[in-house]
Amino acid sequence: MRVVTIVSVTSACGYGPFLFLLALLVYMLVLLGNGVVLCAIVMDQNLHRPMFIMICHLLICDLLGSTAMVPCLMMQLLLGQKKIVYLSAIAQAFCVHTYGMAMQTVLGVMAYDRYVAVCEPLRYCSIMTSSRLHSCCALAWTVALLLIAVLFSFHVNVPLCGRVIRHVYCSNRGILDLACIPTPENNFYGLSITWSMSSGVFLVIAFSYFRILRASLRQGRTDSSIRSKALQTCASHLVVYVIYEMVCIIVFVLYSAPTPFLNPMIYSLRNKELRVAVRRTLRKLLRDKRLDP
């Protein structure tokens with residue numbers, strides 16, 4: 001059984017217990033924030049609408065990304081456990097990359113939903129039907145899973161000479177850096193899907209928001225409340241996308257923690273219905289807890 005060792009910048013800094021507590025706090029906040037918003041949407045029938053269903057998919061994506069990396073990092077920090085079985089390394093890398101790809105595809109689907117809601121308000125219910133909504137969400141996840149599955153298919157029968165991954169988590173590039181032979185096909189494919197997906201989602205969002213802005217300005221000439229409502233509806237999605245891209249440019253390890261931590265707060269603070277549902281859910285959970293013997 002092949003075993004690799006993860007050597008991270010946190011391994012030798014001497015602050016393992018402190019960083020463990022910090023990582024644990026962040027992870028608990030991620031679970032709590034995303035879990036409460038998910039429960040609020042599931043339990044409130046009034047929120048069973050396309051926008052909130054897509055927020056659920058985004059939150060599930062956040063939970064996947066943070067769970068794929070943070071618990072393993074905490075084990076490294078607390079116990080100094082740096083060794084990981086090869087199959088576990090592949091599984092972690094697969095989940096981490098799926099998270100990154102699914103974030104892009106789900107945000108792209110959400111941009112399409114906002115475009116239809118603002119630019120075709122009278123036809124919105126006929127266009128964004130329940131079947132089309134679930135088809136779009138399923139397509140977003142299927143595309144992400146297939147692209148990453150093909151990426152990791154290049155690992156089959158690749159011999160490994162190295163045993164040390166110098167990072168805080170396992171990634172496609174980190175694992176293939178251990179290979180005894182060059183892997184140009186994987187390099188080319190990885191760069192291709194990263195560039196094409198990022199560019200494609202950016203173009204979808206840019207086109208959607210250009211049309212939304214134009215429609216809002218045109219409709220706002222007669223009623224300024226329409227423009228304000230349209231921009232407020234889209235603000236949360238745009239903020240999440242901008243934060244995701246900005247932190248992604250800096251370094252991957254950062255956006256796998258702050259983005260899942262910030263997303264539930266952004267959507268909860270910007271949407272009145274979701275704020276009310278979250279408060280109602282928290283009150284119900286606290287009341288049930290008090291009634292328990």
How would you list, by chain and number, every residue that makes a side chain to side chain donor-acceptor pair (under 3.5 Å) with Ser198, sequence neighbours excluded?
-> Gln104
Under 3.5 Å, which donor-acceptor pairs link side chains of residues 120-127 to any protein atom two or more places apart or in another chain?
{"residue": "Tyr124", "atom": "OH", "partner": "Asp113", "partner atom": "OD1", "Å": "2.5"}
{"residue": "Ser126", "atom": "OG", "partner": "Arg123", "partner atom": "O", "Å": "2.8"}

Going by heavy atoms in the side chains, are Leu38 and Ile55 under 4.5 Å from each other?
-> no
Could you check if a side-chain atom of Ile90 sits within less than 4.5 angstrom of a side-chain atom of Ile175, using non-hydrogen atoms only?
-> yes
Could you go step by step and tell me if Val70 and Val26 meet the side chain to side chain contact (heavy atoms under 4.5 Å, CB included) rule?
-> CA-CA 9 Å; Val70 180; Val26 171; over 6 Å; no
From Phe207 atom CZ to Phe202 atom CZ, the distance as rounded to the nearest 0.5 Å = 14.0 Å
Test item: Asn34 side-chain N/O and Ile60 main-chain N/O as donor-acceptor pair under 3.5 Å | no
When the side chains of residues 40-47 are checked against the rest of the protein, which donor-acceptor pairs come out under 3.5 Å, sequence neighbours left out?
{"residue": "Asp44", "atom": "OD1", "partner": "Asn46", "partner atom": "N", "Å": "2.9"}
{"residue": "Asp44", "atom": "OD2", "partner": "Arg280", "partner atom": "NH1", "Å": "2.5"}
{"residue": "Gln45", "atom": "OE1", "partner": "His48", "partner atom": "ND1", "Å": "3.4"}

Hey, are the side chains of Val143 and Met101 touching, using non-hydrogen atoms and a 4.5 Å cut-off?
-> no
Pair listing, salt bridge (charged side-chain N to carboxylate O under 4.0 Å, His left out) test, anchored in residues 91-105, at least two apart = none
Shared ILVMFWY cluster between Leu139 and Leu133, side chains joined below 4.5 angstrom?
-> yes
Does Ser88 have any side-chain contact (heavy atoms from CB on, under 4.5 Å) partners at least two apart in sequence or in another chain, and if so, which?
-> Ile84, Val85
Would you mind reporting whether Tyr189 and Leu147 have side-chain heavy atoms less than 4.5 Å apart?
-> yes
Grab the two heavy atoms, one from Val30 and one from Leu63, that are nearest each other, plus how far apart they are.
-> O-CD2, 4.2 Å
For Tyr112, what residues pass the ring-ring contact (aromatic ring centres under 6.0 Å, His included) criterion, not counting sequence neighbours?
-> none
Please report the shortest heavy-atom distance between Cys95 and Ala68, naming the atom on each side.
-> CB-CB, 3.6 Å
Kindly give the heavy-atom pair with the smallest separation between Leu151 and Gly190, and that separation in Å.
-> CD1-CA, 3.8 Å
Could you tell me which residues satisfy side-chain contact (heavy atoms from CB on, under 4.5 Å) with Thr129, sequence neighbours excluded, listed by chain and number?
-> Ser131, Arg132
Set of side-chain contact (heavy atoms from CB on, under 4.5 Å) partners for Leu24, sequence neighbours left out = Phe20, Met28, Met74
Smallest separation among heavy atoms of Cys61 and Ala102, with atom names = SG-CB, 3.7 Å
Sequence neighbours excluded, the answer for ring-ring contact (aromatic ring centres under 6.0 Å, His included) partners of Phe152 is Phe94, His97, His155
Measuring from Leu178:CG to Tyr86:OH, what's the distance to the nearest 0.5 Å?
-> 8.5 Å
Please answer: with hydrophobic residues joined when any side-chain heavy atoms are less than 4.5 Å apart, are Leu58 and Leu32 in the same cluster?
-> yes
Between the OG atom in Ser192 and the CD atom in Glu185, the distance rounded to the nearest 0.5 Å is 12.0 Å
Carefully, step by step, assess Tyr27 and Thr67 under the rule side-chain hydrogen bond (donor to acceptor under 3.5 Å, both in side chains).
-> CA-CA 8 Å; Tyr27 187 55; Thr67 302; 3.0 Å; yes
Side-chain contact, heavy-atom cut-off 4.5 Å: Leu59 with Asp62?
-> yes
OG (Ser199) and CE (Met197) are apart, to the nearest 0.5 Å, by 10.5 Å
Applying side-chain contact (heavy atoms from CB on, under 4.5 Å), name anything that partners Ser208, two or more places apart in sequence or on another chain.
-> Ala111, Tyr115, Val204
Tell me, which pairs form a side-chain hydrogen bond (donor to acceptor under 3.5 Å, both in side chains) where one or both residues lie in residues 140-149, sequence neighbours left out?
-> His57-Trp141
What distance separates Arg114 CZ from Cys119 SG, expressed to the nearest 0.5 Å?
-> 11.0 Å
Contacts of type side chain to side chain donor-acceptor pair (under 3.5 Å), residue Ser171, not counting sequence neighbours = none
Mind checking whether Val118 and Arg211 have side chains closer than 4.5 Å, heavy atoms only?
-> no
Note: Ala140 and Thr105 closest approach over all heavy atoms is O-OG1, 3.0 Å
Are Val150 and Ile193 joined in one hydrophobic group, where the rule is that I, L, V, M, F, W and Y side chains link up if heavy atoms are under 4.5 Å apart?
-> yes
From Leu21 CG over to Phe18 CZ, what is the distance, rounded to the nearest 0.5 angstrom?
-> 8.0 Å
